[in-house]
Amino acid sequence: MSIMFISMLLVLLVPLYLYLKASSRSKNTSVFPTNWPILHMFPSFMVNVHNLHDYLTMVLAGLGHNFRAHGPPGTGMRFFVTCDPANVRHIFTTNYTNFPKGAEFAAIFDIMGGSLFTVDGEDAAAQRGKLKSVLSNPRMIASTEACCRNKVENILLPLLSYMASIGTPFDVQELMSRFMFDLATMSLFGVDPGLLSLDKPPMDAVVALNTVMEVGFFRHTMPASCWKLMRWLNIGPDRKLSTAHKVLRRFLMELMERRKMEMMERKISTCHVGNDEEQDGVDIMSSYPDYVDDDLSYAKNIGYMLAARDTIGTTLTWVFYNLAQKPNIVSIIRSELSPIASCKEASGVDTMMIFEPHETKSPIYLRAVLYETLRLYPPAPFERKTVAANDIMPSGHEVRTGDTILISLYSLGRMEGVWGNDCPDYNHDRWLSEDGNNLRYVPSHKFLAFNSGPRICLGKEIAVMQMKTVIASMLWNFDMEVMEGQSIQPKPSCILEMKNGLIVKLKKREM
Ligand code: HEM
């Protein structure tokens, strides 16, 4: 498509966008996608882009879990939007090969080009198989657990204790993001960048990772030709992305250098002292002995950092936000932890209680709270697939080759037809069996937070272990108060982070 056409499109769209935004504010009504001449439904989505997840949820609830949307002619924007569990099962499992992520998805996340997150078919299966065996290696699991436990005991709890002692409010989302950045880097490279500390080293790399997800979101909402033109001209969000690219490359190169040095030092000390190598922690890099420092490795590292950091940091923030308004649930979790705590002694400075990863495996309320949070606030709020060949969905809708399918995970967790009348309520009981002793089984095409089918999340159990360890240790040792007057809303991004963070204040619990 010519540059002239794109410029004309932008000239048309900007005034229309401003008009719609003003009119939606003045009437304060919800706008169902209006089918405009030429521009079709594109303006309705643009005007609601700041609030897209809730807007899609409202439209999907009103239209029976599915709808089609078209962009202006020539833009190739032909969407089928769904949150229907039967369609989800069809797309992710039953007819999975017909719904690859596709070339457009790979282009949107070109920064991770060639990595597992952007590829399909045999390439994906091969990369997945290798990573699966690495992540399920017992030494890797033990090392991940030890890293998490030590970081909680030695850095997180003392830091929180200090914040409680001075009584200063702080952004718990930023803290969790730093915590997870360190953990993800440690499991990838075996090196701790030490971002979770009081003297706050620069957060450039954290900001750069956020930029990747924000620009990814922007690209999903634009005609491909528009954002590609912006990329070519290096303007708009794409300018930010190229800066982020440089920051991340430098950061990862520095980590690789540190890793090489530490490996050398370890080898020397092994020769001198005769240490058994088995005693060292393992990291993902060690499992790729043929590693070369090229674009593909860089893309894989970025992909892994995003998978392991953003998802957990975001989920933990939503957990704390919800629990701060539900003191009854906090009490239930504390009673569940109480028998574990009574068998052990509080450790470290300020007699803090740390829960070991294996100790948080059995408490089911803790897991129910996690799942309830992930139902309402899935950190990956939507999935994008392409239609390889014409098909008919279980809902009866036809999809054509080249159509884009958007699956709203955020909306799926909020549909009355799927979760019942109380679906907007935060209610961990819905995850428990009738006698309250077991977790209720919910199929992944209904609870899609960890994805479903052959591309289901490879880090689910690691993620649950890390989140439970943090939640148990924080809830046991502190009371958390969410500061009033904050505007809590998701950021327009591919990750459901809070736009303005979450400011909280801590108080050490009286035992
Ligand atoms: C709250 C925590 C987490 C949630 C909700 C989550 C969710 C997801 C989702 C929705 C996908 C599919 C993404 C896509 O289609 O592009 C995914 C894939 C993946 N996740 Fe997770 N994830 C979490 C934590 C983790 C962690 C901690 C790791 C690593 C240890 C991890 C490793 C992966 C990998 C490797 C994939 C790619 C699988 C594939 O493409 O075949 N995840 N995850």
Side-chain angles (χ1 to χ4, degrees), residues 88 91-92 96 99-102 105-106 108-109 112 114-137 140-141 143-145 147-148 176 179-181 183-188 212-213 216 220 283-284 287 299-319 367 369-386 405-410 412-413 444-445 447-471 494-497:
V88 169
I91 296 163
F92 286 83
Y96 145 80
F99 302 102
K101 292 186 171 193
F105 181 89
I108 286 175
F109 287 112
M112 291 181 270
S115 74
L116 178 56
F117 292 92
T118 59
V119 296
D120 295 294
E122 283 174 18
D123 192 0
Q127 287 198 42
R128 212 182 134 84
K130 172 76 180 153
L131 194 53
K132 191 174 175 183
S133 79
V134 173
L135 292 175
S136 56
N137 176 333
M140 179 74 202
I141 295 172
S143 166
T144 314
E145 288 186 357
C147 274
C148 177
M176 288 301 125
F179 172 76
M180 279 316 300
F181 199 100
L183 277 196
T185 313
M186 282 158 86
S187 59
L188 191 53
V212 172
M213 293 320 241
H220 275 298
D283 55 70
I284 294 178
S287 311
K300 287 180 179 174
N301 290 339
I302 300 283
Y304 183 83
M305 292 294 294
L306 287 167
R309 176 203 72 132
D310 287 21
T311 47
I312 299 186
T314 303
T315 308
L316 286 172
T317 309
W318 287 110
V319 167
R367 200 178 266 255
V369 158
L370 259 186
Y371 285 2
E372 183 63 349
T373 307
L374 288 164
R375 173 182 76 87
L376 286 169
Y377 308 95
F382 63 91
E383 286 276 332
R384 179 184 178 129
K385 301 279 186 185
T386 305
I405 302 195
L406 279 188
I407 304 100
S408 172
L409 280 66
Y410 183 88
L412 176 58
S444 57
H445 57 266
F447 175 51
L448 193 58
F450 289 102
N451 217 354
S452 183
R455 299 295 293 267
I456 201 159
C457 172
L458 285 174
K460 180 178 172 188
E461 287 313 314
I462 291 178
V464 169
M465 173 277 290
Q466 291 175 329
M467 292 190 287
K468 282 171 134 192
T469 307
V470 174
I471 300 169
C494 293
I495 285 284
L496 200 76
E497 267 196 319

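One-based numbering, in listed order, for ligands and for the atoms of each. Note that the structure is a prediction, hence the values are computed from the model and not measured.
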Can R367 and E461 be counted as an ion pair, charged N to O under 4.0 angstrom?
yes

Compute whether any side-chain donor of one residue and acceptor of the other, for R375 and Y371, lie under 3.5 angstrom apart.
no

Is a donor from one side chain sitting under 3.5 angstrom from an acceptor on the other, for T314 and Y377?
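T314 vs Y377: no donor-acceptor pair found between side chains.
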
Taking salt bridge (charged side-chain N to carboxylate O under 4.0 Å, His left out) as the test, write out the residues that go with R309, two or more places apart.
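For R309 there are no salt bridge (charged side-chain N to carboxylate O under 4.0 Å, His left out) partners, ignoring immediate neighbours.
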
Residue K132 excluded, over 12 heavy atoms near NZ under 6.0 Å
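No.
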
Inter-residue atom distance M467.CE - M180.CE, 0.5 Å rounding:
8.5 Å

Run through all N or O atoms in ligand 1 and write down each protein N or O closer than 3.5 Å, as a pair with its distance.
residue: ligand 1; atom: 15 (O); partner: K101; partner atom: NZ; Å: 3.3
residue: ligand 1; atom: 15 (O); partner: E383; partner atom: OE1; Å: 2.8
residue: ligand 1; atom: 15 (O); partner: E383; partner atom: OE2; Å: 3.1
residue: ligand 1; atom: 15 (O); partner: N451; partner atom: ND2; Å: 3.3
residue: ligand 1; atom: 16 (O); partner: K101; partner atom: NZ; Å: 2.7
residue: ligand 1; atom: 40 (O); partner: R455; partner atom: NE; Å: 3.1
residue: ligand 1; atom: 40 (O); partner: R455; partner atom: NH2; Å: 2.9
residue: ligand 1; atom: 41 (O); partner: R128; partner atom: NH1; Å: 2.7
residue: ligand 1; atom: 41 (O); partner: R455; partner atom: NE; Å: 2.7

